[in-house]
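Chain letters run A, B, ... following the sequence lines, proteins first and then strands; every chain starts at 1.
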Amino acid sequence: MAAISTRRLGKELKEIHSEGCPVGVTLVSADNFECWYFTIQVMGESEYEGEAFMLKFRFEPTYPIASPAVQFVVGNGQEAPVHPHVYSNGHICASILGNEWSPVLGVISICVTLQSMLASCKKKERPTDNERYVKHAPENPKKTRFEYHDDDV
Amino acid sequence: MSTIYSYVESVNQNLICCICHTPYVEPATARTCTHTFCRQCILRALSHSPHCPIDRSPLSINDLTPAGHALRSLVNELSVGCSNKSEGCEHRCERQLLDNHLRNSCPFTLVPCPSSQCQERLFRKDVKALGNSECIHVNVECDGCSALVQRSTLSMHLQECPRQDMNCPDCHTPLRRSELSEHSMICPDYIVKCHHASSGCAWTGARSSSSGHSLSCPYEAIGAFLTQHEDHVSVLTMENASLKHRVASLEGIVESFRSEMRVVKELLGPWTRSRAQARPSDPFSNLNNNVNEPILPRIQTGSTAFPGEPGSFESDFPDYLSPVGAHPPNQDLLASYFPPENNAPSGQPTPDYRHRSSQWLPGQGYTQSPRSMPHRLSASITSPVEPSAFMYPPESRHLSAPRLPQAPHIPPVHLHGTLEDSFDDLRESVVNLAATVTSLSQNTEMALASESLRLGEETVSLRSSVHGLRMQVHGIMVDRHAQASSASDPGAAEYGWLGPTGVRPSRLPGGATSLHGMHASMSPTTKL
């Protein structure tokens, strides 16, 4: 039912407008309740100092029961961060976007989680199976069945 | 689906469901972890994943229990607005009472049409207004235009039906709505403006009285003047427009002239001042001004790039225009090509320009590089005034060459004068030069003539000496020959060698001695 996601996203957007985004997160566009864009920057000292990445959120009508499809934007001058859990096509291997999603989470909490995921990175490298995955990856990262093996995130 | 509530006041955060982010509706609490959610929210979440959304502990529907009475009361008593607010209902009540309001009393709730045959729904208030008479959804015919109109909208239709009879709002003549606009063009009571309204008459009134107003309208009296005036103004406007156009094009021409002028000024350098502004001054005063180094490179590149903006024309050449102010740096630059007045040779016949060139050069850069271009130029200028060194060997110069005329006075080029003056100066110099050359050639001719005369005389005396010598030799040879022929056989005299002179050569008794004799006899002649 569309009403659930619309009402919930309306609430979240209102909150973003009234209280603002956390440091390093900026709302780029939220013109509808289907697709939002954010940019995130890692604050403080990190491997990604000075870099900014764009995140694309796609919501299903069952949001927040179902998780949103979240990925980094690649192309148009945007690049996915080089990170062991981020594929070069922008897909993110993070459990909270998959089987550990909880309706309690929201757009901003995802942004903050990904921010800390980047901030805790020790070595900039692509996932080991990057090429194989990118070759066969579906357009929507939610259709991928990731295996989450790293508990550091 | 539960009703979407619109809460009137802000709600305590503790009453907000963390899944839908709205106050709890039918709050349900998990027995295992005591987290509370809306009943609908947690049921949906559990259908997706059997875990508590907050702590991810396993959770099933059976673990849910209705939240405590206090919490339910708190959320049920939240004040909400009627969900038909968009239709116009301003009712507010406790959330738990809203359902009752919508069902029983809200005038904007859609209820079925009271007519038993009709399936339509309408607002409760409309049903009340209608009474229980007839179904309003039946189509009825408009009396005027005979269109089929639903009864509920008939009154609205009558407001705009074109066939509806009505009265003219001004003259109250009965007419149809569709004729109204046509009628207003002729209606005698229609409110019109004075036809001088454009000129300023503020009168408005019924059309029938406008002719009466015309008689008293103050603008009517000067109507002809106003018309003429308007024509005049329109003509002037057009003329003004064309003049503006011409001014714009002329401005463009002036601008191009200015830029051309700037090019010319750049090319002419220091001679761009008018005669009135030109005033002679001590050239050495310029030397102090050459400290304007920042301007110097500007001048050197000036022929290709014009400094300054096109608009600030005068400011580009402030130096040329200021009468007493600093001389343009060009002057310093050019001064190296021309000797200043004080250095002009006046007394010495062959002034050493080479040596002096370093003194003329005002710029420090030039004095430190004596092989630079201006130096060589100055040397070439001076060369014509010392030609004697190339024409006469040193000895003959002492003996016979006439004394050189005094070197002509070469005035320096006046850079601070007008171009005309400079040309005059240059011409004068050329005339002087020509005179010098003429006198020089005369002197040369004279020297040449006297020298050749002397040489001719010498040649004649030499020739006579040679002749005497020859005669002497001839006499000796003849004597020798006579002696030889008388001593040996006389036949030899007939077949003997005859010299070119026809005289028999004498027989040499000993070649070496005779040669000695000849040599000794000839030696005095060389003294001639």
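Of the possible donor and acceptor atoms, none in the side chain of R8(A) sits under 3.5 Å from a partner among the backbone N and O of H21(B). Without hydrogens or angle criteria, R56(B) side chain to E100(A) main chain gives a donor-acceptor distance under 3.5 Å.
Surrounding CZ of R95(B) are more than 12 heavy atoms belonging to other residues, nucleotides or ligands, all under 6.0 Å away. The 12-atom threshold is exceeded at CD of E51(A), counting heavy atoms of other residues, nucleotides or ligands nearer than 6.0 Å. With a 6.0 Å radius and a threshold of 12 heavy atoms from other residues, nucleotides or ligands, R72(B) has its CZ atom above the threshold. Heavy-atom neighbours of K85(B) NZ from other residues, nucleotides or ligands within 6.0 Å: at or below the threshold of 12.
Shortest non-hydrogen contact noted between A45(B) and I65(A) is N-CD1, 3.7 Å. Residues I19(B) and P64(A) come closest through the heavy atom pair O-CG, 3.3 Å.
Counting only heavy atoms from C-beta outward, the side chains of C20(B) and I4(A) never approach each other to under 4.5 Å. Using a 4.5 Å heavy-atom cutoff, the side chains of T62(A) and H48(B) are not in contact.
Interface remark: C41(B) contributes backbone atoms only to the contact with chain A (heavy atom separation under 4.5 Å).
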